[in-house]
Enquirer: 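Here it is, the structure, as structure tokens.
Only heavy atoms go into these numbers, but all of them, side chains included; no hydrogens, no water, no symmetry mates. Please read all numbers here as calculations on a predicted model, not as lab measurements.
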Amino acid sequence: MLDTITHLKVPMDQDERSACLGPDGSVAHVARVMKMISGRWKLPILFRLFAEPSIRTLQLKRDMPGISQKMLTQHLREMEEDGLIERRDFGEQPPRVEYRLSQAGRALMPVLMAAREFSRDYSAAG
């Protein structure tokens, strides 16, 4: 079994290994970010909010054909809990709610743009 564990073959001491693989290591942090953006509609929501400073729920639904109201609401709530977006309720009737990227969401956008460029540069077809 130990022969198949490739990270044990990397020549580094235990402290350096835990910096990558420990509970507060690089892998854990990247996995946390991946979990925050995983979901069929989260990336389209993020990129839509990147393009428009503030947008209402109905407009998001119109811009993403195929998303159900339930899934849109679920993803928006998860992204708000993760601190990627901010929700603003105007307290009006009928209800008026707008979403925008939070500071963390804006900070994530260069990472997503870098992932896009990586995909363009190193596509499977290339």
Side-chain angles (χ1 to χ4, degrees):
M1 174 72 173
L2 288 179
D3 291 340
T4 61
I5 300 176
T6 58
H7 69 272
L8 294 177
K9 297 177 184 179
V10 176
M12 64 172 65
D13 65 33
Q14 188 61 36
D15 290 338
E16 291 173 337
R17 185 175 293 128
S18 67
C20 287
L21 304 174
D24 196 37
S26 299
V27 172
H29 286 286
V30 172
R32 187 173 140 248
V33 172
M34 298 300 286
K35 185 177 182 277
M36 290 167 74
I37 62 173
S38 67
R40 179 175 178 192
W41 300 102
K42 287 186 180 179
L43 287 174
I45 291 169
L46 285 170
F47 277 101
R48 187 65 186 93
L49 289 172
F50 184 61
E52 186 89 19
S54 182
I55 193 165
R56 295 179 72 172
T57 310
L58 186 58
Q59 187 61 48
L60 277 170
K61 189 165 178 354
R62 284 186 195 136
D63 291 347
M64 293 182 285
I67 190 170
S68 67
Q69 184 63 49
K70 178 184 174 186
M71 190 56 60
L72 177 61
T73 301
Q74 178 182 326
H75 281 330
L76 289 170
R77 284 183 182 155
E78 289 172 3
M79 290 167 43
E80 184 181 14
E81 287 172 15
D82 288 334
L84 296 177
I85 63 172
E86 297 172 346
R87 179 181 189 269
R88 181 174 177 204
D89 187 344
F90 290 87
E92 298 175 354
Q93 286 298 329
R96 179 176 159 211
V97 176
E98 291 183 354
Y99 291 90
R100 65 181 181 181
L101 289 177
S102 66
Q103 183 177 348
R106 287 188 302 276
L108 180 60
M109 291 314 295
V111 175
L112 297 178
M113 301 304 273
R116 180 190 69 179
E117 293 309 309
F118 178 85
S119 175
R120 287 180 175 171
D121 293 345
Y122 299 101
S123 67

Enquirer: For a quick test of reading the model, state the closest non-hydrogen atom pair linking Ala104 to Gly83 and the distance between them.
Expert: CB-O, 3.4 Å
Enquirer: How long is the span from the OG1 atom in Thr57 to the OH atom in Tyr99, to the nearest 0.5 Å?
Expert: 4.5 Å
Enquirer: With sequence neighbours excluded, tell me which residues meet side-chain contact (heavy atoms from CB on, under 4.5 Å) with Arg56.
Expert: Arg96, Glu98
Enquirer: Which value, rounded to the nearest 0.5 Å, describes the distance between Arg40 atom CZ and Ile67 atom CD1?
Expert: 8.5 Å
Enquirer: Working to the nearest 0.5 Å, report the span between CG of Leu84 and CE of Met36.
Expert: 3.5 Å
Enquirer: Quick one: side-chain hydrogen bond (donor to acceptor under 3.5 Å, both in side chains) pairs with a partner in residues 103-112, sequence neighbours left out?
Expert: none
Enquirer: Using a 4.5 Å cut-off on heavy atoms from C-beta on, say whether the side chain of Phe47 contacts that of Leu112.
Expert: yes
Enquirer: Can you name the nearest heavy-atom pair linking Met71 to Ser68, along with the distance?
Expert: N-OG, 3.1 Å
Enquirer: My understanding is that only residues two or more places apart in sequence, or in another chain, count here; which of them pass ring-ring contact (aromatic ring centres under 6.0 Å, His included) with Phe118?
Expert: Tyr122
Enquirer: Where the side chain of Ser119 meets the backbone of Ala115, is there a donor-acceptor pair that is under 3.5 Å apart?
Expert: no
Enquirer: Going from CG on Leu108 to CZ on Phe50, what distance comes out if it is rounded to the nearest 0.5 angstrom?
Expert: 10.5 Å
Enquirer: Just verifying a value: how many Å separate Leu60 CG and Gln69 CD, rounded to the nearest 0.5 Å?
Expert: 10.0 Å
Enquirer: Shortest non-hydrogen contact from Gly39 to His75?
Expert: CA-CE1, 3.9 Å
Enquirer: Take atom CZ in Arg87; do more than 12 heavy atoms of anything else shown fall under 6.0 Å from it?
Expert: yes
Enquirer: Transitively linked via ILVMFWY side-chain contacts under 4.5 Å: Leu49 with Val33?
Expert: yes
Enquirer: Quick one, Leu101 and Met109 - any side-chain contact, counting heavy atoms below 4.5 Å?
Expert: yes
Enquirer: Does Leu58 share a hydrophobic cluster with Val97, counting links as ILVMFWY side-chain heavy atoms below 4.5 Å and allowing steps through other members?
Expert: no
Enquirer: Which atom names give the shortest non-hydrogen contact between Lys42 and Ile37, and what distance separates them?
Expert: CB-O, 3.7 Å
Enquirer: As an exercise, state the distance from CD of Glu80 to CD of Glu86, rounded to the nearest 0.5 Å.
Expert: 8.5 Å
Enquirer: Could you tell me whether a side-chain N or O of Asp89 sits under 3.5 Å from a main-chain N or O of Gly91, the two making a donor and an acceptor?
Expert: yes
Enquirer: Checking Arg77 against Glu81 for the salt bridge (charged side-chain N to carboxylate O under 4.0 Å, His left out) test, could you report, in this order, the C-alpha distance in whole Å, the side-chain angles of both residues, the deciding distance, and whether it holds?
Expert: CA-CA 6 Å; Arg77 284 183 182 155; Glu81 287 172 15; over 6 Å; no
Enquirer: Tell me, yes or no, whether the heavy-atom count around Arg48 atom CZ, taken from other residues, nucleotides or ligands under 6.0 Å, exceeds 12.
Expert: yes
Enquirer: Can you check side-chain contact (heavy atoms from CB on, under 4.5 Å) on Arg100 and Ile85, steps first, answer last?
Expert: CA-CA 6 Å; Arg100 65 181 181 181; Ile85 63 172; over 6 Å; no
